[in-house]
Amino acid sequence: MATSASIPGAEVLTLRARTAAERCGVQPGALSGSRPVFSPVNGLPMGGVEWSPEIEDAVARSRAAFLEWRRVPAPARGAVVKRLGALLTGHKSDLATLVSLEAGKITSEALGEVQEMIDVCDFAVGLSRQLYGHTMTSERPGHRLSETWHPLGVVGVISAFNFPVAVWSWNTALALVCGDTVIWKPSEKTPFTALAANALLRQALVEHGHPEYVAQLVLGDGELGEQLAGHPDVALVSATGSTRMGREVGPRVAQRFGRSLLELGGNNAAVITPSADLDLAVRGIVFSAAGTAGQRCTTMRRVIAHHSIIDELTDRLAAVYERLRVGDPTTDGTLVGPLIDASSSSAMSKALQEAQEQGGTVIAGGTRELENQAPEAHYRRPALVRLPEQTPIVYAETFAPILYLLPYDDFADAIAMNNAVPQGLSSSVFTREVAEAELFTSAEGSDCGIVNVNIGTSGAEIGGAFGGEKETGGGRESGSDAWRAYMRRATNTVNYSGELPLAQGVDFSV
Ligand code: NAD
């Protein structure tokens with residue numbers, strides 16, 4: 001079994017985190033607060049932050065900044081986002097270091113997360129000149145009918161630990177060019193990364209002569225998130241995290257008729273058909289299931305494989321799982337870093353036990369590793385579990401690297417199994433049959449927001465709208481026309497006729 005060499009101690013990680021954060025413009029004092037910040041790499045504190053006591057002042061400042069920001073022409077707002085993209089490019093390795101140290105991502109994935117931020121900045125800069133509305137034909141003579149898009153106001157962004165900065169950038173780059181101001185409440189597990197990213201944006205704003213309160217950061221836990229969700233002056237709450245969190249945030253925002261954009265839990269499957277290229281399938285499955293130590297919303301949690309190939313597929317996956325290098329995510333060659341904390345590790349153990357009680361067999365992995373070197377950290381070898389059918393355990397999202405292997409006989413059954421879970425984020429089919437690929441991506445196919453053919457369930461590009469259905473929350477972020485969620489639409493009818501004809505031929509002569 002492959003594990004990587006030694007896990008760095010507290011002093012080494014503290015120094016690395018401080019250096020990276022300070023290079024991004026974070027004041028040293030901000031890293032020494034009373035709330036400890038732990039690294040999952042060794043399970044030890046790297047420093048601390050202070051939490052914001054309440055949200056009221058931040059919302060008032062944000063609202064005041066909005067009144068100015070909405071008057072700045074969209075391409076000029078885009079120029080700020082362009083500068084942010086340039087700063088992110090210059091600090092790519094600093095931010096990636098913080099992502100690895102706080103979220104446990106391997107270096108390549110951490111760099112990929114920052115690249116995604118740069119990509120979405122590019123997208124938003126282009127968008128700043130393309131916030132188009134439609135012009136419609138009017139049924140009345142001498143009338144013009146059109147729609148205009150206007151900024152919403154203050155946007156609250158609540159983000160999860162596993163994409164500590166990319167999700168903020170998806171929301172913030174778009175919200176800023178749309179003319180909104182942003183208040184970000186990141187995960188309480190990843191505040192250093194948030195401080196660094198926010199410092200870079202603050203620099204971009206100040207360099208362009210705009211108030212820094214256009215983009216603010218507030219630190220705290222779910223209680224502060226609740227305050228943000230409940231505040232009547234927060235026009236849109238974009239919340240990424242567990243379905244449990246979404247169940248609290250959604251109704252809270254709806255009660256005050258605010259808008260919410262929810263990006264919640266996933267439970268993603270790949271269907272592997274008899275015609276699939278198994279080499280491709282194995283590579284796609286392993287990246288999606290074991291990458292990021294199973295801690296992506298798009299992580300593959302179920303493989304639904306045709307009964308004629310499931311044994312061969314199981315053997316091939318088991319061989320790769322034994323070889324996966326588990327260890328310090330910042331060391332070259334490591335493919336699987338740590339779980340975020342002890343509670344994730346116990347959730348994994350509990351799910352493995354329940355799966356076995358429900359007739360499952362652990363084919364590979366599941367073991368705890370490197371405990372001698374880092375007793376406070378939680379390194380787990382990704383687990384493969386063979387199940388005879390979809391037993392209750394597969395319906396829940398366990399945020400850890402467990403992949404359930406399930407057999408199917410008929411392609412229609414495979415689609416039904418894909419769709420049977422309450423979540424609806426990502427899905428994929430591996431097939432060389434055009435009819436299967438088309439059916440899977442059709443209205444009778446997968447019911448998820450992301451439906452792939454011959455690639456895994458994770459690793460989306462920013463150009464598409466990202467999000468999922470059912471308990472995943474229904475929100476869409478990032479590319480395509482996701483920007484519309486950050487704006488309000490006005491329908492304008494302009495009468496230049498000198499007459500007052502009424503629509504639908506209504507006569508109201510007085
Ligand atoms: P979490 O739900 O524990 O926390 C997410 C964020 O919500 C944190 O900032 C937290 O402080 C805040 N929060 C918690 N309770 C709240 C409340 N009552 N009101 C307001 N805010 C509250 O999630 P996590 O453990 O950080 O992340 C893992 C989860 O996030 C998984 O379920 C994963 O699938 C999901 N996720 C979804 C997406 C997506 O795009 N669909 C992306 C990343 C992560």
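Atom set for the values below is all heavy atoms of this structure, side chains included, hydrogens, waters and symmetry mates excluded. Atoms within each ligand, like the ligands themselves, are counted from 1 in listed order.
With respect to atom 15 (N) of ligand 1, the closest heavy atom belonging to the protein is Arg244 NH2, 3.2 Å. Scanning the protein for heavy atoms near atom 6 (C) of ligand 1, the closest one is Ser159 O, 3.4 Å. Nearest protein heavy-atom contact of atom 27 (O) of ligand 1 is Ala160 CB, 3.3 Å. Shortest contact from atom 10 (C) of ligand 1 to any protein heavy atom: Glu188 OE1, 3.5 Å. Atom 2 (O) of ligand 1 has its closest protein heavy atom at Ser242 OG, 2.5 Å. Protein heavy atom nearest atom 32 (O) of ligand 1, with residue, atom name and distance: Glu397 OE1, 2.6 Å. The protein atom (non-hydrogen) at minimum distance from atom 4 (O) of ligand 1 is Gly241 CA, 4.6 Å. Nearest protein heavy-atom contact of atom 44 (C) of ligand 1 is Asn162 OD1, 3.1 Å.
The backbone N or O of Leu219 lies less than 3.5 Å from a partner atom in the side chain of Ser52, making a donor-acceptor pair. Under the 3.5 Å distance criterion, the side-chain polar atoms of Ser346 are matched with a main-chain donor or acceptor of Ala342. Side chain of Ser426 to main chain of Asn268: no donor-acceptor pair is present (N/O by atom type, distance under 3.5 Å, no hydrogens or angles).
Note that Arg302 lies outside the cation-pi zone of Tyr404, set by a 6.0 Å cut-off to the ring centre and a 45° limit from the axis.
Contacts between Ala239 and ligand 1 below 4.0 angstrom, taking non-hydrogen atoms only, are absent altogether. With a 4.0 Å cut-off on non-hydrogen atoms, Phe399 touches ligand 1 through its side chain and not its backbone.
Classified by interplanar angle (parallel below 30°, tilted 30° to 60°, perpendicular above 60°), the ring pair Trp168/Trp184 is parallel.
Between Glu226 and ligand 1, a contact under 3.5 Å exists for at least one N or O pair. Between Thr240 and ligand 1, not a single N/O pair is under 3.5 Å apart. Considering backbone and side-chain N/O of Leu264, one or more are found under 3.5 Å from N/O of ligand 1. In terms of polar-atom proximity, defined here as any N/O pair under 3.5 Å, Phe161 does make such a contact with ligand 1.
Taking a cut-off of under 4.0 Å to the non-hydrogen atoms of Gly266, the atoms of ligand 1 that pass are 34 (O). Atom numbering of ligand 1 starts at 1 in the shown order; those under 4.0 Å from a heavy atom of Asp221 are 11 (O). Close contacts between ligand 1 and Pro186 involve ligand atoms 9 (O) [criterion: under 4.0 Å to a heavy atom]. Per-residue contacts place Val249 under 4.0 angstrom from the following atoms of ligand 1 (heavy atoms of the residue considered): 19 (N), 20 (C). When each atom of ligand 1 is checked for a heavy atom of Glu248 under 4.0 Å away, the hits are 17 (C), 18 (N). Within the listing of ligand 1, atoms 19 (N), 20 (C), 21 (N) sit less than 4.0 angstrom from a heavy atom of Gly225.
Between the side chains of Ser32 and Arg18, at least one donor N or O sits under 3.5 Å from an acceptor N or O. Defined by atom type and a distance below 3.5 Å, a donor-acceptor pair is missing between the side-chain atoms of Arg202 and Gln216. For the 3.5 Å distance criterion, the side chains of Glu56 and His231 qualify, holding a donor opposite an acceptor.
Put simply, the side chain of Leu317 does not reach to within 4.5 Å of the side chain of Val320, judged on heavy atoms. Between Ile7 and Tyr379 the shortest side-chain heavy-atom distance falls below 4.5 Å.
The option with the heavy atom closest to atom 37 (C) of ligand 1, from among Gly265, Ala229, Cys297, is Cys297.
Distance check for atom 25 (O) of ligand 1: a protein heavy atom is found below 4.0 Å.
By the 4.0 Å N-to-carboxylate-O rule, Arg476 lies close enough to Glu469 to be salt-bridged with it. A salt bridge links Asp94 and Arg23; the closest N-O separation between the charged side-chain nitrogens and carboxylate oxygens is under 4.0 Å.
The only option from Val303, Leu405, Val362 that meets the side chain to side chain contact (heavy atoms under 4.5 Å, CB included) definition with Arg386 turns out to be Leu405.
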